[in-house]
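Notes to accompany the following structure.
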Amino acid sequence: MTKDLTNSDLDRKNILNNNIAIQEVYQQIGFFGFKHDGKFRFTKQQLAEYFEVDIRTIERIVENNRDEVVESGYEIYTGIKLKDFKDKIAEFVNRINEGIYVPDTNVGNMVQSFENELDSLSKTPQLAVFTYKSFLNVGMLLTGSEKAQILRSAILDIVIDVLNQKIGGKTKYINQREEEFLPSAIREYNYRQEFTNALDYYITENKFKYAQLTDKIYKSIFKENAKEYRQILKLSTKESVRSTMYSEILDLIAGYENGFSKYLKTEFERLGRKLGLSEAILLFTNYEQITEATLIPLREKARSLMASRDLAFRDALHEKLKEYVNEVSSDDYDKFLGDRSMDLEKRLEENKEVFKRLKDR
DNA sequence: GTAGCCTTGGCCGTCTTCCT
DNA sequence: AGGAAGACGGCCAAGGCTAC
């Protein structure tokens, strides 16, 4: 079976979590509902009409995907909440009928359908209410409806467009777009120096020692060595591996580099001589074991972030981290695509003064 | 071609909630 | 307490698609 929105909850969540793309979908798809409590709200009847399916079909989608639909905003209104909702609609419809407020056609149709329901609505003790997100969610799950298919393909187009617009189609350095990247990269750079210094001082001369121990760290954190990572992200030999890494990974690498440097130093002092490369590699395995308990949670998180983001943003699958692939959080979409995100170059420009100060220290 | 599967539509009974 | 209406889920038949 080919993977598409109707059968991949991961892809659905990745789209629904992408607030930047969803904003664009609002604009382009339309279908504005009645805004209540800060969100557009729709009834089951309205969804059925939009998708041109029976109410029972909408109900079945909800029935079979309850958790997901609830997460995207589906709700049952009862009691005071429902009363409030009904009052607001009645008021809204009245204002339009009195000509105080003139809606555009989109909203006009919506009002009409609310008005049609107003009679029965006034008596009902409970009402299923969808948000815009849960409306899209239902659209992603409806396999039969032609309208839903059109909606799905429109959503996908928009999601791709937004990604292209925001990062000009270049996802290679999307990791650099979040605020945390720069401080992490700087911190890591410093620890990297300590690390290479330590390898200089405490390990006998060997031109492979840097590469081998660096790969040890990479493998420990995300199971791939630099070469494998390079292949998966399609990096040329000139491009720096670290410049493509997310801040969380860089932080963790810095932790390893710092920790192992100290550990290596202690061993050097205990022995009173430099270590050979194979000794150092054994020592690293040892270091991995004694720090394992502390590092496992961080490592698990790093793997999950890296595997999930690379699949969603870079269309790159880390085969060895397959079981760590999860949805990308809406917070992540904001971080990498939203207002807080920025080209590294631009961020450097904005932080010029800060860097000047740092440099002068 | 057709058997089998999935989705949908339609019907129904039960549950929930609130109003009179 | 009784009634009214939507929510919910079971059931079955029709239609469409797929694999053999």
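Order of the sequence lines fixes the chain letters, A, B, ..., with proteins taken first and strands second; residue numbering starts at 1 for each chain.
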query: Could one point to a donor on the side chain of Gln126(A) or the base of dT17(B) with an acceptor on the other under 3.5 Å away?
result: no
message: Applying a 4.0 Å non-hydrogen cut-off, can you work out what Phe51(A) is touching in the nucleic acid: base, sugar-phosphate, or nothing?
response: nothing
- request: Using modelled atom types only, decide if a donor and an acceptor are shared between the side chain of Arg192(A) and the backbone of Ala254(A) within a distance under 3.5 Å.
  value: no
query: So, does the side chain of Arg60(A) form a donor-acceptor pair with the base of dG9(B) at under 3.5 Å?
result: yes
message: Do Lys274(A) and Tyr202(A) form a cation-pi contact, if we require the NZ or CZ to be under 6.0 Å from the six-membered ring centre and within 45 degrees of the ring's axis?
response: no
message: Please give me the minimum heavy-atom distance between Ala226(A) and Asp215(A), naming the atom from each residue.
response: N-OD1, 2.8 Å
- request: Take atom NZ of Lys86(A) and atom C1' of dA5(C), then tell me their distance rounded to the nearest Å.
  value: 10 Å
- request: Check the distance between dG9(B)'s P and Ile58(A)'s CD1 and give it to me in whole angstrom.
  value: 9 Å
Length of the CG-P vector between Asp84(A) and dC18(B), whole Å: 14 Å
Heavy-atom pair with the smallest gap, counting every atom of Leu213(A) and Phe195(A): CB-CZ, 4.0 Å
- request: May I ask you to evaluate whether Lys44(A) reaches the phosphate of dG6(C), defined as a side-chain N or O under 4.0 Å from OP1 or OP2?
  value: no
- request: Check whether the side chain of Arg56(A) and the base of dG6(C) form a donor-acceptor pair under 3.5 Å.
  value: no
task: Mind checking Ile55(A) for me? I need base, sugar-phosphate or nothing, with any heavy atom below 4.0 Å counting as a touch.
output: nothing
